[in-house]
Every structure is written in structure tokens, then in C-alpha cells.
Amino acid sequence: MEKVGTLEQLKSASPLKAKVDGKAILVFLVDDAPIATQARCPHAQGPLHEAEVCDSILTCVWHGWSFNLLTGECEEDPDLFLKRYDVKVEGDDIYVSV
């Protein structure tokens, strides 16, 4: 697991951008818990750091496709998933494994 930032950083900036093992990831705060995902939309590779988040639903700004951050499920296509990565919190530090 690699440290990608802190809860303090995540609360002040949404989302937290990082690279883990060469992969661009994003960390979102949902119900006070960090969730790590791929950085590009699986539909058309839109930049998810620009996405809108309401509750646990992330909506890509390019085409409006929506993903549940808790499950990775896509609301428009049940065969499409947002990759999620393992997250561990130690104190204030956030660690992610891809």
C-alpha cells in the first residue's frame, strides 16, 4: 500500500489525486470514508476529477454517465464498472493499493 495523502487534505480538496504503481487514481470522501477509484471514466475516458459528486453518486462531466462510488456500478450500463481500489486509513494517513 502507498500513502496518497491525508484525511485533512481530502476534506479540504475533493477529490485527492495520486499515482499508485504508475496508475492515476482519485480518492473521494463518501460518508466520512475515503474511496479510491480510477481517474478516468470507463465510458469515454473523461476526467473524473472534474466530476460532480452527490451523496455517493459520481457523474462524469463529459457525457453525464453516473457511477455509485460505494459499489462501482454504472447507472446507464450494468456491464460497465468504475474500478475501485483498497484503501486503509492509519491515523490521518490514507493508503491505497492497486
Side-chain angles (χ1 to χ4, degrees):
M1 294 205 123
E2 269 186 57
K3 180 179 174 182
V4 296
T6 65
L7 288 172
E8 182 76 26
Q9 289 174 305
L10 187 55
K11 289 177 182 175
S12 64
S14 183
L16 185 65
K17 298 179 195 177
K19 278 205 175 206
V20 176
D21 292 334
K23 292 184 184 200
I25 65 151
L26 299 173
V27 181
F28 295 90
L29 193 61
V30 177
D31 296 331
D32 293 324
I35 295 177
T37 71
Q38 65 193 75
R40 292 285 182 175
C41 180
H43 166 244
Q45 301 303 303
L48 292 179
H49 69 277
E50 297 176 2
E52 293 181 19
V53 178
C54 183
D55 296 322
S56 63
I57 304 299
L58 174 143
T59 303
C60 181
V61 295
W62 277 14
H63 299 107
W65 284 48
S66 299
F67 299 87
N68 185 317
L69 287 169
L70 300 175
T71 65
E73 294 174 335
C74 176
E75 294 186 351
E76 289 73 24
D77 182 346
D79 293 327
L80 195 62
F81 283 88
L82 182 68
K83 286 182 190 165
R84 297 178 60 239
Y85 302 108
D86 292 333
V87 176
K88 179 171 74 170
V89 176
E90 289 184 0
D92 191 48
D93 296 331
I94 301 169
Y95 295 86
V96 174
S97 175
V98 294

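Here the structure is a predicted model, which is why all the values come from computation and not from measurement. Values reported hereafter were calculated over all heavy atoms of this structure, with side chains retained and with hydrogens, waters and symmetry mates removed.
Here CG of Leu48 is found 11.5 Å from NZ of Lys17. Values are rounded to the nearest 0.5 Å. Separation of atoms CD (Glu2) and NZ (Lys23) is listed at 12.5 Å; rounding is to 0.5 Å. Atom-to-atom distance recorded for Cys60:SG and Phe67:CZ is 7.0 Å, nearest 0.5 angstrom. Atom-to-atom distance recorded for Asp21:CG and Met1:CE is 11.0 Å, nearest 0.5 angstrom. Separation of atoms CZ (Arg40) and CG (Leu26) is listed at 9.5 Å; rounding is to 0.5 Å. With values rounded to the nearest 0.5 angstrom, Ser97 atom OG is found 10.5 Å from Tyr85 atom OH.
In this structure, the side chain of Gln38 engages the main chain of Lys83 through a donor-acceptor pair within 3.5 Å. A distance-only check finds a donor-acceptor pair linking the side chain of Glu76 to the backbone of Ser66 [under 3.5 Å]. Remark: the backbone N or O of Ala33 is not paired with any side-chain donor or acceptor of Asp31 at under 3.5 angstrom.
Between Ile57 and Asn68, the shortest heavy-atom contact is CD1-CA, 3.9 Å. Taking every heavy atom of both residues into account, Asp92 and Glu8 meet most closely at OD1-N, 3.3 Å. Smallest separation of non-hydrogen atoms from Lys88 and Glu90: NZ-OE2, 3.1 Å. For the pair Val61 and Glu50, the tightest heavy-atom approach, listed with the atom from each and the gap, is CG1-O, 3.0 Å. Here the closest non-hydrogen pair linking Pro34 and Leu29 is N-CD1, 3.9 Å. Across Ala44 and Trp62, no two heavy atoms sit closer than the pair O-CZ3, 3.2 Å.
In this structure, Leu82 and Pro42 have side chains that are in contact, with non-hydrogen atoms separated by less than 4.5 Å. Looking only at side-chain heavy atoms (C-beta outward), Trp65 and Cys74 come within less than 4.5 Å of each other. A heavy-atom distance below 4.5 Å is not found between the side chains of Val87 and Val27.
Residues Leu69 and Leu10 do not share a hydrophobic cluster, defined by chaining ILVMFWY side chains whose heavy atoms lie under 4.5 Å apart. No path of Ile, Leu, Val, Met, Phe, Trp and Tyr side chains, each step under 4.5 Å between heavy atoms, connects Ile94 with Ile35, placing them in separate hydrophobic clusters. Linking ILVMFWY residues whenever their side-chain heavy atoms come closer than 4.5 Å, directly or via other members, leaves Val96 and Val30 in distinct clusters. Taken together through direct or relayed side-chain contacts under 4.5 Å among Ile, Leu, Val, Met, Phe, Trp and Tyr, Leu70 and Phe28 form part of one hydrophobic cluster. Note on Leu7 and Val53: separate hydrophobic clusters, where clusters join Ile, Leu, Val, Met, Phe, Trp and Tyr whose side-chain heavy atoms are under 4.5 Å apart, directly or indirectly.
The 12-atom threshold is exceeded at CD of Glu75, counting heavy atoms of other residues, nucleotides or ligands nearer than 6.0 Å.
His43 and His63 have perpendicular rings, their planes meeting at more than 60° on a 0 to 90° scale where under 30° would count as parallel.
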